[in-house]
Amino acid sequence: GAPGKNQNINHIQHSHTIMATQKIARAPSLQNAQNKLYIHFILASVSCAPTSASTLNVLHLVADDLRPELGLYNSPNAITPNLDALAQKSTVFMNAYCQQPVCSPSRNSFMTSLRPDNTGAWNFINYFRQRVPNATSFPQFFKEQDGYLALGSGKLYHTSNPPDHDEPLSWSAEADGSHNYFEPYWLHCDRPATTFCVNNTKPEDEDGKTAQACVGHLKRASIENKKFYVGCGFHRPHAPYLVPSSSYDLFKDKEITQALHSTMDASVPTIAQIVNFNIGLENGTKYPWDPTHPVPTAVQIAVRRHYFAAIHWMDAKVGEVLSALSDLGLDNSTVIIFHADHGYFQGESGEWEKKMLFENTARVPLIIHNPHSPIYRRTTAIAELIDVYPTAVELAGFLVPSGLDGVSLAALVGNARSQSNPILTQASPIKTAAFTQYPRCHDKDQLTGTCLQVPDTQFQYMGYSVRTSTFRYTEWRTWNGTTLHAQWNTPPVAVELYNHTDHVADGDRPFDWPQTNLIDSGSVSAIVADMHALLVAQFNHK
């Protein structure tokens with residue numbers, strides 16, 4: 001992942017994008033998606049037979065605002081012993097991507113295996129059941145299977161979006177017969193607008209209680225002798241980075257790497273960037289910034305230090321849940337999936353957090369444990385969060401339902417590992433591209449406006465991004481507020497092309513390279529044509 005490696009555009013091979021164009025069919029319309037099997041679904045599902053005697057449990061663990069900054073991804077900053085241990089008996093994905101880099105749209109997407117253009121949930125206003133009321137959600141699928149409980153705690157769906165965490169459709173009743181999904185209140189530092197703080201009671205009242213509730217769900221399933229889907233969603237490392245001293249002390253004197261490329265490259269269009277993250281210290285000092293005017297290095301490192309401490313705290317709570325699973329004797333019969341809702345900037349290229357279509361915001365950690373094949377694998381195969389639901393269904397022993405946008409990755413987590421090399425090849429990749437999108441609600445030359453509370457009829461643009469094994473290509477297109485579709489019959493207002501050769505998630509400085517937009521470089525027309533064709537095939541709804 002060293003910056004600059006293989007960046008000469010004249011030496012870039014683009015044949016993979018031609019192959020991708022051939023392999024990815026035009027996405028079905030929403031109505032067709034509800035009524036027809038996708039070709040890729042048929043291929044993924046044909047070998048999976050539902051036999052109740054061999055079906056498995058599913059433990060679904062989700063972190064908030066976590067990029068692949070974990071020990072298992074060779075992070076020099078992270079301390080994550082529990083997830084590292086899980087990885088040693090799991091498949092770790094180097095190139096997994098969210099479908100929209102902000103909480104609610106991403107969660108509406110991966111909890112249904114539908115892309116945001118099909119859920120109609122692009123911000124914090126809408127949710128999937130308004131567009132597809134009869135969709136079968138991820139937990140609902142298991143709830144509807146004989147002998148299964150579907151139980152969850154914490155932030156799996158975005159808080160109140162859908163309302164009441166989609167009770168009662170997604171979740172089994174509590175032991176007392178009530179429907180009362182538990183997510184703890186969001187807690188903040190004592191001083192308002194503070195990005196981080198150390199507190200020894202609030203973290204336990206937040207993610208600590210989520211972990212306890214998830215352990216309770218596992219115990220209930222064990223006592224009732226039921227199989228289960230148990231979802232467990234942690235707030236951290238979402239800001240504010242509210243952590244106990246037990247986590248912070250591990251980082252207090254630790255050397256933390258700084259962002260070497262601390263300003264945005266001039267080749268990047270303004271519409272691709274955003275300023276939407278408050279940086280305030282515990283003493284009340286606030287630091288304004290923008291992508292060309294970064295915060296002081298000492299402040300950047302202080303923020304990063306607490307972010308990594310928040311990751312450690314989340315890992316500790318994951319460890320509590322995994323320990324309970326083992327103590328109950330359920331670990332050998334449970335598929336375990338861990339991922340985040342989207343990626344994150346931590347000062348690289350002068351940017352912070354999410355809501356953009358860069359590699360840092362789109363790429364997520366993804367770990368899948370198959371108890372029938374509990375060995376370590378590292379794969380560079382492309383995956384999307386919409387694939388988590390169908391993968392869990394197939395690994396658990398069921399036929400993948402029709403109408404999903406995602407595909408099962410089960411074939412990547414059940415193959416035998418070579419003794420000499422744990423890296424899976426991509427000779428027969430399940431998919432050759434990942435797609436991510438994000439709206440803009442402001443003039444294309446402004447840096448503000450996240451669309452989070454703006455009606456979709458008032459969006460101005462939609463950015464569509466495709467990632468292949470080598471490139472990321474993004475088009476920002478004018479939005480039609482009447483049809484709620486992007487306009488594909490006019491030129492895009494901005495275009496981006498980035499070469500990500502060797503930028504794997506566990507490489508050297510995997511989040512820190514110049515964001516060099518190659519769109520105006522020579523000899524890229526064939527690459528752009530191929531990448532544009534992928535976007536048109538996926539998103540141009542006619």
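Just so it is clear, the structure is predicted and the values come from calculations on it, not from any experiment.
- Residues Leu452 and Lys355 have side chains in contact (heavy-atom distance under 4.5 Å, counting atoms from C-beta outward).
- Ring-plane geometry between Trp352 and Phe277 is classed as parallel, the angle between the planes falling under 30 degrees on a 0 to 90 degree scale with a further cut at 60.
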Worksheet item: Are Arg467 and Glu359 close enough, and set up right, to give a salt bridge (Lys or Arg N to Asp or Glu O under 4.0 Å), and what steps lead you there?
Response: CA-CA 9 Å; Arg467 174 66 151 91; Glu359 189 76 356; 2.9 Å; yes
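- Side chains of Ser178 and Asp176: a donor on one and an acceptor on the other come within 3.5 Å.
- In summary, the aromatic rings of Phe124 and His158 are positioned with their centroids under 6.0 Å apart.
- Applying the salt bridge (Lys or Arg N to Asp or Glu O under 4.0 Å) test to Lys202 and every residue at least two apart in sequence or in another chain returns Asp190.
- Within the structure, salt bridge (Lys or Arg N to Asp or Glu O under 4.0 Å) pairs that include any residue of residues 94-103 do not occur (at least two apart or interchain).
- Judged by distance alone, the side chain of Ser90 and the main-chain N or O of Leu86 form a donor-acceptor pair under 3.5 Å.
- Looking at residues two or more places apart in sequence or on another chain, you find no salt bridge (Lys or Arg N to Asp or Glu O under 4.0 Å) involving Asp164.
- Not a single disulfide bond (SG atoms under 2.5 Å apart) links Cys103 to another residue, sequence neighbours left out.
- Inter-residue side-chain proximity for Asn126 and Asp456 is flagged as met; some heavy-atom pair is nearer than 4.5 Å.
- Ring pair His60/Phe138 is tilted by interplanar angle, where 30° to 60° counts as tilted.
- Remark: side-chain polar atoms of Ser113 are paired, donor with acceptor, to backbone N or O of Gly406 under 3.5 angstrom.
- In this structure, the ring of Tyr344 has its center less than 6.0 angstrom from the ring center of Tyr307.
- Side-chain contact check for Thr159 and Glu183: at least one donor-acceptor pair (N or O, by modelled atom type) lies under 3.5 Å.
- Residues Arg377 and Thr379 have side chains not in contact (no heavy-atom distance under 4.5 Å, counting atoms from C-beta outward).
- A donor-acceptor pair is defined here as one N or O able to donate and one able to accept, closer than 3.5 Å; such a pair exists between the side chain of Asp387 and the backbone of Glu384.
- Contacts of Asp84 classified as side chain to side chain donor-acceptor pair (under 3.5 Å), with partners at least two apart in sequence or in another chain: Thr80.
- Here the side chains of Arg440 and Gln460 are not in contact, with every heavy-atom distance at 4.5 Å or above.
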Please output the side-chain donor-acceptor pairs of residues 329-338 that fall under 3.5 Å, not counting sequence neighbours, one pair per line with the distance.
from	atom 1	to	atom 2	distance (Å)
Ser333	OG	Asn57	ND2	3.4
Ser333	OG	Leu330	O	3.2
Thr334	OG1	Asn57	ND2	3.3
Thr334	OG1	Leu330	O	2.6

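- Atom CG of Leu484 sits about 9.0 Å away from atom CE of Met462, to the nearest 0.5 Å.
- For Ser75, the side chain to side chain donor-acceptor pair (under 3.5 Å) criterion is met by Glu69, not counting sequence neighbours.
- Checked against side chain to side chain donor-acceptor pair (under 3.5 Å), Glu167 has the following partners two or more places apart in sequence or in another chain: His179.
- The salt bridge (Lys or Arg N to Asp or Glu O under 4.0 Å) check on Asp207 picks up nothing, with sequence neighbours excluded.
- For the pair Glu224 and Lys219, the salt-bridge criterion is not met [side-chain N within less than 4.0 Å of a carboxylate O].
- Of the possible donor and acceptor atoms, none in the side chain of Thr195 sits under 3.5 Å from a partner among the backbone N and O of Pro240.
- Here the closest non-hydrogen pair linking Pro162 and Asn108 is CD-OD1, 4.2 Å.
- Arg305 pairs by the salt bridge (Lys or Arg N to Asp or Glu O under 4.0 Å) definition with nothing, not counting sequence neighbours.
- Remark: Asp64 engages Arg107 in a salt bridge, criterion side-chain N to carboxylate O under 4.0 Å.
- Remark: the Tyr181 side chain and the Ser153 side chain contain no N/O donor-acceptor pair separated by less than 3.5 Å.
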Going by atom type alone, with no hydrogens or angles, which donor-acceptor pairs under 3.5 Å involve a side-chain atom of residues 310-322 and a protein atom two or more places apart or on another chain?
from	atom 1	to	atom 2	distance (Å)
His312	ND1	Ser247	OG	2.8
Asp315	OD1	Asn82	N	3.4
Asp315	OD1	Leu83	N	2.8
Asp315	OD2	Asn82	N	3.1
Asp315	OD2	Asn82	ND2	2.9
Lys317	NZ	Glu320	OE2	2.4

Item to complete: Give the C-alpha distance, both sets of side-chain angles, the deciding distance and a yes or no for salt bridge (Lys or Arg N to Asp or Glu O under 4.0 Å) between Arg67 and Glu353.
Response: CA-CA 10 Å; Arg67 64 193 193 176; Glu353 57 126 60; over 6 Å; no
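- The shortest distance between side-chain heavy atoms of Met94 and Tyr73 falls below 4.5 Å.
- A donor-acceptor pair shorter than 3.5 Å cannot be found between the side chains of Gln453 and Asn123.
- Judged as a side chain to side chain donor-acceptor pair (under 3.5 Å), and not counting sequence neighbours, the contacts of Arg129 are Gln140, Asp166.
- Side chain to side chain, Tyr464 and Thr436 fail the donor-acceptor criterion of an N or O pair below 3.5 Å.
- Here the side chains of Phe234 and Lys155 are not in contact, with every heavy-atom distance at 4.5 Å or above.
- Residues Trp186 and His238 place their aromatic rings such that the two centres sit under 6.0 Å apart.
- Annotation: side chain of Pro163 is in contact with side chain of Tyr127 (closest heavy-atom distance under 4.5 Å).
- Cys214 contributes atom SG, which lies 9.5 Å from atom CG of Leu151 (distance to the nearest 0.5 angstrom).
- Under the 4.5 Å side-chain criterion, counting only non-hydrogen atoms from C-beta, Lys143 is not in contact with Leu149.
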